[in-house]
Amino acid sequence: MNEPPTGDRLLGPEPPELGCDECFEYLDRYVDAELGHELHEFSLCPACVGPEDCSRARRCLGMRAHLEGCPACAEEHASLLALAGRESG
Amino acid sequence: MRGVEPAPAAATAPPPPLDPDSRAWVRGLTLPGGERDVDVARLHAFLLRAARFELARRRTALRDVPAAELDDLAVQAANDALVALMRKLPTFRGDSRFTTWAAKFAILEASVKARRWAWQHREVTLEPEAWTRLAPAVAAADPEEAERLRAIAAAIRECLSPHQREILVAIALNDVPIDVLADRLQTTRGAIYKTLHDARRNLRAHLAREVDP
Ligand SMILES: [Zn+2]
Ligand SMILES: [Zn+2]
């Protein structure tokens with residue numbers, strides 16, 4: 001994965017974004033949705049910080065922003081995506 | 001710990017029914033003590049596989065770890081993940097497959113242990129003035145990006161507290177992992193990220209004022 005430019009790393013993602021704890025909390029459902037394993041209709045996560053935009057995108061944008069801004073959560077997200085992708089065969 | 005932005009209250013939908021595989025896992029793991037041993041052992045084996053998967057992804061950073069110690073790390077990660085997961089089991093709503101939900105605990109524990117191991121002998125120096133070392137990045141950037149970096153450097157100097165500068169520099173410039181930093185500062189990952197987030201918000205606001213005063 002390419003390192004984002006220094007300026008982007010300093011300024012971080014466009015708000016709003018979730019924090020690390022919510023990111024962990026909703027990581028599994030975010031990943032399964034990415035893998036097309038959405039078990040249910042898209043619904044907002046209880047910690048949603050941009051309900052209208054997320055509903056429109058059918059995707060948690062606060063989560064996506066956090067994964068851009070937080071290198072540790074981004075690593076864990078990449079791993080879970082790879083592992084869960086493998087598990088679904 | 002709440003999100004970094006205040007969240008509006010969202011309506012929580014009633015929990016949807018679990019898929020058959022997830023239901024089987026939950027049923028097995030919630031049997032009375034003794035009867036669930038087989039399922040707990042099966043879950044532990046699954047978590048161990050996930051932890052090994054995570055450590056294998058990090059083999060470059062962990063190349064100096066002796067093989068036996070590396071596997072020890074995986075077992076510890078699986079053990080800790082099992083404890084954390086069993087505590088959270090009543091909150092599993094089936095928003096994802098059970099295996100995806102379970103794997104994230106093992107990946108978190110293995111990642112944290114791996115980052116800790118990789119940094120155990122490295123010094124984390126917190127220097128609020130280190131942002132002045134942006135100079136090489138400015139020199140290497142194209143004119144537009146160089147201009148932006150100079151503006152960011154000025155904003156760092158003018159609108160961040162020393163603590164915000166330390167956190168921003170450590171994570172965004174020096175690649176110190178957030179959980180390693182949290183350990184050293186005896187705080188939580190969420191609290192460090194909140195500081196980082198606030199620092200970035202201040203920078204953005206400052207830069208926006210510069211453009212459109
Ligand atoms: Zn994070
Ligand atoms: Zn959302």
Side-chain angles (χ1 to χ4, degrees), chain A residues 3-33 35 37-41 43-51 54 62-63 65-66 69-73 75-88, chain B residues 1-13 16 18-19 22 50 53-54 57-58 94-97 99-104 107-108 110-112 115 131 134 137-138 141 145 148-149 152 156 168 171-173 175 177-179 188-190 192-194 196-197 199-201 203-204 207:
Chain A
E3 284 250 302
T6 309
D8 292 353
R9 290 161 52 97
L10 288 165
L11 290 183
E14 289 281 348
E17 62 172 313
L18 297 185
C20 288
D21 296 334
E22 288 83 9
C23 178
F24 181 73
E25 178 95 30
Y26 304 114
L27 191 62
D28 49 307
R29 79 181 226 167
Y30 187 79
V31 161
D32 266 0
L35 290 169
H37 283 289
E38 237 157 331
L39 299 172
H40 315 289
E41 273 290 280
S43 63
L44 294 166
C45 57
C48 191
V49 284
C54 290
M63 178 74 129
H66 185 73
C70 180
C73 287
E75 285 175 10
E76 288 148 22
H77 164 257
S79 293
L80 188 60
L81 187 63
L83 182 64
R86 215 177 55 160
E87 295 283 323
S88 28
Chain B
M1 187 82 229
R2 303 298 310 151
V4 285
E5 303 277 342
T12 14
L18 300 187
D19 66 284
S22 300
F53 175 85
E54 176 59 39
R57 281 170 67 86
R58 296 173 179 274
D95 289 326
S96 67
R97 293 170 294 166
T99 47
T100 308
W101 182 74
K104 77 174 176 178
I107 284 172
L108 175 71
S111 297
V112 169
R115 285 192 286 255
W131 56 273
L134 267 175
V138 176
E145 174 73 0
R148 184 164 80 125
L149 286 174
I152 294 173
I156 292 175
L168 179 71
I171 295 174
L173 288 183
D175 293 322
I178 192 166
D179 37 15
T188 62
R189 179 162 161 171
I192 298 276
Y193 198 82
K194 174 86 169 75
L196 177 68
H197 174 86
R200 284 166 159 172
R201 193 192 50 206
L203 289 181
R204 280 173 176 278
L207 294 176

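By convention in this document, chain letters (A, B, ...) are assigned in the order of the sequence lines, proteins followed by strands, and residues within each chain are numbered from 1.
- Most heavy-atom pairs under 4.5 Å with chain A, from the set B/Ile192, B/Val112, B/Thr99, B/Asp175: that is B/Asp175.
- The choice from A/Ala82, A/Pro71, A/Cys23 that makes the most heavy-atom pairs within less than 4.5 Å of chain B is A/Ala82.
- Side-chain N or O atoms of B/Arg200 include none that pairs as donor or acceptor with a backbone N or O of A/Pro13 at under 3.5 Å.
- When atom types are taken as modelled, the side chain of A/Asp32 and the backbone of B/Arg97 share a donor-acceptor pair closer than 3.5 angstrom.
- Comment: A/Glu76 engages B/Arg115 in a salt bridge, judged by a side-chain N to carboxylate O separation of less than 4.0 angstrom.
- Note that CG of A/Leu83 and CD1 of B/Ile107 are 5.0 Å apart. Values are rounded to the nearest 0.5 Å.
- In this structure, CD on A/Glu75 lies 7.5 Å from CD on B/Glu54, to the nearest 0.5 angstrom.
- The minimum heavy-atom distance between B/Tyr193 and A/Cys70, with the atom names listed, is CE1-CB, 3.4 Å.
- B/Ala137 touches chain A through its side chain: at least one heavy atom from C-beta onward sits under 4.5 Å away, while N, CA, C and O do not.
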Verdict with reasoning, A/Thr6 to B/Ile152, per side-chain contact (heavy atoms from CB on, under 4.5 Å):
CA-CA 10 Å; A/Thr6 309; B/Ile152 294 173; over 6 Å; no
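- Scored by the side chain to side chain donor-acceptor pair (under 3.5 Å) test, A/Tyr26 finds no partners at all (sequence neighbours excluded).
- The CG atom of A/Leu10 sits 11.5 Å away from the CD1 atom of B/Ile171 when rounded to the nearest 0.5 Å.
- Distance CH2/B/Trp101 to CG/A/Leu80: 12.5 Å, rounded to 0.5 Å.
- Every residue two or more places apart in sequence or in another chain that forms a side-chain contact (heavy atoms from CB on, under 4.5 Å) with A/Phe24 is listed here: B/Lys104, B/Phe105, B/Leu108.
- In terms of heavy atoms, B/Ala172 sits closest to A/Arg9 at O-NH2, 2.6 Å.
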For B/Arg148 and A/Asp8, run side-chain contact (heavy atoms from CB on, under 4.5 Å): C-alpha distance rounded to whole Å, both residues' side-chain angles, the deciding distance at 0.1 Å, then the answer.
CA-CA 10 Å; B/Arg148 184 164 80 125; A/Asp8 292 353; 2.6 Å; yes
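- The distance from atom OG of A/Ser79 to atom CZ of B/Arg58, rounded to the nearest 0.5 Å, is 6.0 Å.
- The shortest side-chain heavy-atom distance between B/Thr188 and A/Asp21 does not fall under the 4.5 Å cut-off.
- Rounding to the nearest 0.5 Å gives a distance of 9.0 Å between SG of A/Cys20 and CG of B/Asp179.
- Between A/His37 and B/Asp19, the closest side-chain pair of non-hydrogen atoms is not below 4.5 Å.
- Inter-residue side-chain proximity for B/Thr100 and A/Leu35 is flagged as unmet; no heavy-atom pair is nearer than 4.5 Å.
- Between B/Arg201 and A/Pro15, every side-chain heavy-atom pair lies at or beyond the 4.5 Å cut-off.
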